[in-house]
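Okay, so here's the structure we're looking at.
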Amino acid sequence: MKILVCISNVPDTTSKINFTEGDTKFDTNGVQFVINPNDEFGLTRAMWFKEKQGASVHVATVGGPSTEPTIRKALAIGADEAIRVNAEPTDGFFVAQQLAEVVKNGGYDLVIGGRESIDYNGGMVPGILATLLDMNFVNTCIGLEVDGTTATAMREIDGGKEKIETTLPLVIGGQKGLVEESDLRIPNMRGIMMARKKALNVVEPTDAMKATQDTKFEKPAAKGAVKLVDNVTDLVDLLHNEAKAI
């Protein structure tokens with residue numbers, strides 16, 4: 001089985017976020033970038049398939065040279081090969097088109113992406129990718145087993161879980177639960193050294209539509225001062241007349 005794990009290069013959630021040029025561009029100065037958490041769950045599951053079933057695992061990202069430390073980390077975790085599409089990931093539709101070309105050229109049986117990235121939270125890439133490739137698709141995936149060409153997936157739905165049986169080739173949108181957080185891997189020294197010898201292939205982007213563009217960023221409004229009350233009457237009055245919550 002040949003697996004492609006789609007990796008997003010996203011800011012660490014502890015980073016302080018700022019914007020430049022009249023709030024039209026994201027300021028990357030001083031920002032630490034990491035593997036998108038939903039993608040990391042998928043990568044860890046792919047490593048299980050590699051170790052238990054002999055699958056080959058490739059990772060792919062869309063981005064400039066600055067994303068290479070992130071995909072090198074994926075190689076250090078155990079992926080066999082990496083692909084970087086040399087283009088700025090301007091929107092989800094554009095990214096999906098680039099990844100679709102990678103999948104077509106690579107002949108992958110299973111494509112694992114994160115349900116959404118934690119920067120834009122668009123949640124669109126895996127679904128668009130499956131549509132472009134005419135592959136089966138399972139979103140919000142929290143469990144996956146593969147036996148031959150048959151895949152059994154568990155996905156999260158409103159009010160519970162749903163078990164689905166489908167066939168390869170398959171695209172999934174994975175999330176927390178696909179593996180346990182305790183199973184996530186930290187590259188060790190041996191993995192880091194081996195990653196330096198693994199292929200990191202840079203490919204030029206295919207002509208693709210850019211359906212959207214960012215016009216302005218805006219931070220959430222600052223929280224107001226905390227008011228302390230020492231009796232229920234004042235609390236009810238504030239909730240009713242000021243907060244308009246009751």
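Note that this is a predicted model, so its numbers are computed, not measured. Values reported hereafter were calculated over all heavy atoms of this structure, with side chains retained and with hydrogens, waters and symmetry mates removed.
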Evaluation steps, side-chain contact (heavy atoms from CB on, under 4.5 Å), between W48 and Q53:
CA-CA 8 Å; W48 186 92; Q53 300 183 4; 3.9 Å; yes
In this structure, would [X] and [Y] fall into the same cluster of hydrophobic residues linked by side-chain contacts under 4.5 Å?
X: Y108; Y: L133; value: yes
X: I164; Y: I142; value: no
X: V179; Y: V59; value: yes
X: L43; Y: V102; value: no
X: I112; Y: F41; value: yes

Trace of the side-chain contact (heavy atoms from CB on, under 4.5 Å) decision for D23 with E218:
CA-CA 7 Å; D23 292 336; E218 185 176 341; over 6 Å; no
Nearest 0.5 Å please: distance from the [atom1] atom of [X] over to the [atom2] atom of [Y].
X: I172; Y: L178; atom1: CD1; atom2: CG; value: 5.0 Å
X: T28; Y: N18; atom1: OG1; atom2: CG; value: 11.0 Å
X: R115; Y: T140; atom1: CZ; atom2: OG1; value: 7.5 Å
X: N139; Y: E156; atom1: CG; atom2: CD; value: 10.5 Å
X: I71; Y: E81; atom1: CD1; atom2: CD; value: 11.0 Å
X: F33; Y: K73; atom1: CZ; atom2: NZ; value: 14.0 Å

Short side-chain to backbone donor-acceptor contact, [X] and [Y], under 3.5 Å:
X: N121; Y: S117; value: yes
X: D80; Y: V57; value: yes
X: D109; Y: K2; value: yes
X: Q98; Y: T206; value: yes
X: K16; Y: G30; value: no
X: T61; Y: I7; value: yes
X: H240; Y: I246; value: yes

Flag the pair E51 and R185 as a salt bridge only when some basic side-chain nitrogen lies within less than 4.0 angstrom of an acidic carboxylate oxygen.
yes
Is the shortest distance from a Lys or Arg side-chain nitrogen in K176 or E40 to a carboxylate oxygen in the other one below 4.0 Å?
no
Is it true that, when you exclude [X] itself, more than 12 heavy atoms of the residues, nucleotides or ligands shown sit nearer than 6.0 Å to its [atom1]?
X: Q213; atom1: CD; result: no
X: N231; atom1: CG; result: yes
X: K227; atom1: NZ; result: no
X: I186; atom1: CD1; result: no
X: D12; atom1: CG; result: yes

Minimum heavy-atom distance [X]-[Y], with the two atoms named:
X: C6; Y: D39; value: O-CG, 3.3 Å
X: I3; Y: A55; value: CD1-CB, 3.8 Å
X: P11; Y: I118; value: O-CD1, 3.8 Å
X: L168; Y: A151; value: CD2-CB, 4.3 Å
X: G173; Y: F137; value: N-CE1, 3.9 Å
X: V138; Y: R155; value: CG1-CB, 4.1 Å

[X] versus [Y]: any side-chain heavy-atom pair under 4.5 Å?
X: K216; Y: F19; answer: no
X: E101; Y: V203; answer: no
X: M47; Y: K50; answer: yes
X: R84; Y: L200; answer: yes
X: V103; Y: V171; answer: no
X: L170; Y: V146; answer: no
X: E165; Y: T150; answer: yes
X: V10; Y: Y120; answer: no

Ignoring hydrogens and geometry beyond distance, is a side-chain donor-acceptor pair present between [X] and [Y] at under 3.5 Å?
X: T166; Y: N136; value: yes
X: N36; Y: S8; value: no
X: T67; Y: N9; value: no

In sequence, state the C-alpha distance, the side-chain angles, and the governing distance for V31 and F26, and then conclude on side-chain contact (heavy atoms from CB on, under 4.5 Å).
CA-CA 10 Å; V31 175; F26 173 54; 4.1 Å; yes
Would you please test Q97 and L132 for side-chain contact (heavy atoms from CB on, under 4.5 Å) and show each step?
CA-CA 7 Å; Q97 291 174 93; L132 292 172; 4.0 Å; yes
Between R45 and F49, is NZ or CZ placed under 6.0 angstrom from the six-membered ring centre and within 45° of the ring axis?
yes
